[in-house]
Amino acid sequence: MKAVAVTGATGHLGSAIVSRLLKNYNVIGISRTASSLKFENAVGMNCPGQYIPIDRDLTCVSSDVLALLISSCVSDADSLLIGLVNNAFTDYPKFALSVDTNTVQSSAESLLGIHVRLSLSVAELLMAADGGSIVNVASMYGKVSPRPDLYSSPNSVNPILYGSFKAGLIQASRYLSSFLGPKKIRVNSVSYGPFPSLAVQRSDPEFIKRLAEQTHLRRIGDPFEAAGVISFLLSEESSYITGADISVDGGWTAW
């Protein structure tokens with residue numbers, strides 16, 4: 001069976017993405033707590049893929065070493081790596097307007113640098129498999145500004161650095177597409193809209209209502225709705241799609 005590597009595998013969207021991909025692939029899940037995800041019933045749920053966790057903090061391991069770990073997992077599973085999903089982030093700005101030097105540097109690493117480096121390292125493995133697909137997880141806030149009036153307080157507004165570096169990731173995906181396309185590697189990004197965590201949904205239901213009103217569908221997204229586009233972009237059904245950014249936001253950015 002073919003294999004796909006997913007960073008941020010245990011996150012709100014990451015676990016849903018892994019679950020969906022197990023229907024078609026062996027999935028190498030990478031995060032600090034990747035082993036905490038359990039898919040014992042995957043076969044019974046028509047998910048024949050094998051889940052292979054790699055417990056690593058992306059701030060403490062180089063992309064080359066991580067690529068070697070991925071290669072080892074693929075070999076042990078007698079599989080063929082065909083894709084990478086960059087979904088992780090390692091740090092998040094504390095406040096909306098946090099732009100001190102340390103925060104800028106850590107955010108650049110978290111939201112952009114680690115994804116580009118890992119893409120280039122994994123590209124070497126994909127070339128050995130005669131090509132593949134890389135999907136970078138971006139955000140609607142890489143394309144539009146957050147509306148401060150939707151948030152409960154000024155410091156709870158989505159940070160300026162988050163959107164700025166997600167915009168950078170969208171552009172980096174286009175750049176990598178042009179660089180890796182001749183090597184039969186497609187690179188795309190997905191810009192997700194309002195998919196707030198369960199903790200946020202429970203703690204601030206009024207905020208959730210305000211978010212929902214900004215979409216054409218008048219509701220927030222369910223994690224499983226984030227997964228289908230990833231599966232599509234990894235598959236041969238999207239074989240002529242590269243350098244694209246696909247919005248999955250309920251219509252938020254289409255007003």
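Values in this document were obtained by computation on a predicted structure and should not be read as measured data.
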Under a 3.5 Å distance rule, please check whether [X] uses its side chain to pair with a backbone N or O of [Y] as donor and acceptor.
X	Y	result
Ser72	Leu68	no
Thr7	Ala88	yes
Tyr192	Ala226	yes
Ser75	Ser71	no
Ser238	Leu233	yes
Ser62	Val65	yes

State, yes or no, whether a side-chain contact exists between [X] and [Y] at a heavy-atom distance under 4.5 Å.
X	Y	value
Val137	Val85	yes
Tyr51	Leu37	yes
Val122	Ile70	yes
Glu213	Leu150	no
Ile17	Val27	no
Asn136	Asn188	no
Leu84	Val4	no
Lys143	Ile170	yes

Verdict with reasoning, Ser189 to Leu169, per side-chain contact (heavy atoms from CB on, under 4.5 Å): CA-CA 8 Å; Ser189 58; Leu169 184 60; 5.7 Å; no
Evaluation steps, side-chain contact (heavy atoms from CB on, under 4.5 Å), between Leu176 and Ile134: CA-CA 9 Å; Leu176 288 172; Ile134 296 172; 6.0 Å; no
Between atom [atom1] of [X] and atom [atom2] of [Y], what is the distance when rounded to the nearest 0.5 Å?
X	Y	atom1	atom2	result
Ser133	Leu180	OG	CG	11.0 Å
Arg186	Tyr240	CZ	OH	12.5 Å
Lys183	Glu124	NZ	CD	6.5 Å
Leu69	Asp64	CG	CG	11.0 Å
Asn158	Ser139	CG	OG	6.0 Å
Phe95	Ser156	CZ	OG	11.5 Å

Criterion side-chain contact (heavy atoms from CB on, under 4.5 Å) on Cys73 and Gln50, from CA distance to verdict: CA-CA 11 Å; Cys73 289; Gln50 179 184 358; over 6 Å; no
Steps toward side-chain contact (heavy atoms from CB on, under 4.5 Å) verdict (Asn26, Val74): CA-CA 9 Å; Asn26 290 331; Val74 169; over 6 Å; no
Minimum heavy-atom distance between [X] and [Y], given as atom pair plus value:
X	Y	value
Met1	Pro48	CE-CG, 3.9 Å
Ala67	Leu125	O-CD1, 3.5 Å
Arg174	Gly243	CG-O, 3.7 Å
Asn87	Gly8	ND2-O, 3.0 Å
Gly83	Leu126	N-CD2, 3.7 Å
Ala16	Ala227	O-CB, 3.7 Å

Is it the case that one hydrophobic cluster holds both [X] and [Y], taking links as side-chain heavy atoms less than 4.5 Å apart, direct or via other members?
X	Y	answer
Ile28	Ile114	yes
Val190	Val116	no
Ile54	Leu22	no
Ile230	Ile246	yes
Leu234	Leu13	yes

For [X], I'd like to know if atom [atom1] has over 12 heavy atoms of other residues, nucleotides or ligands within 6.0 Å.
X	atom1	result
Tyr175	OH	no
Phe89	CZ	no
Ile241	CD1	yes
Arg56	CZ	no
Asp78	CG	no

Between [X] and [Y] (salt bridge meaning N to carboxylate O under 4.0 Å), is one present in this structure?
X	Y	result
Arg219	Glu225	yes
Asp55	Arg32	no
Arg117	Glu109	yes

Do [X] and [Y] get their side chains close enough for a donor-acceptor pair, meaning under 3.5 Å?
X	Y	result
Ser31	Thr10	yes
Ser177	Thr242	yes
Asn86	Ser119	yes

Ring center gap for Trp252 and His216 short of 6.0 angstrom: no
Aromatic ring proximity, centroids under 6.0 angstrom, Tyr162 and Tyr141: no
Step-by-step side chain to side chain donor-acceptor pair (under 3.5 Å) determination, Asn155 to Ser153: CA-CA 6 Å; Asn155 271 328; Ser153 67; over 6 Å; no
Side chain to side chain contact (heavy atoms under 4.5 Å, CB included) against Glu237, all qualifying residues, sequence neighbours excluded: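 Only Phe232, Ser235 meet the side chain to side chain contact (heavy atoms under 4.5 Å, CB included) criterion with Glu237.
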Evaluation steps, side chain to side chain donor-acceptor pair (under 3.5 Å), between Ser110 and Asp91: CA-CA 6 Å; Ser110 172; Asp91 199 9; over 6 Å; no
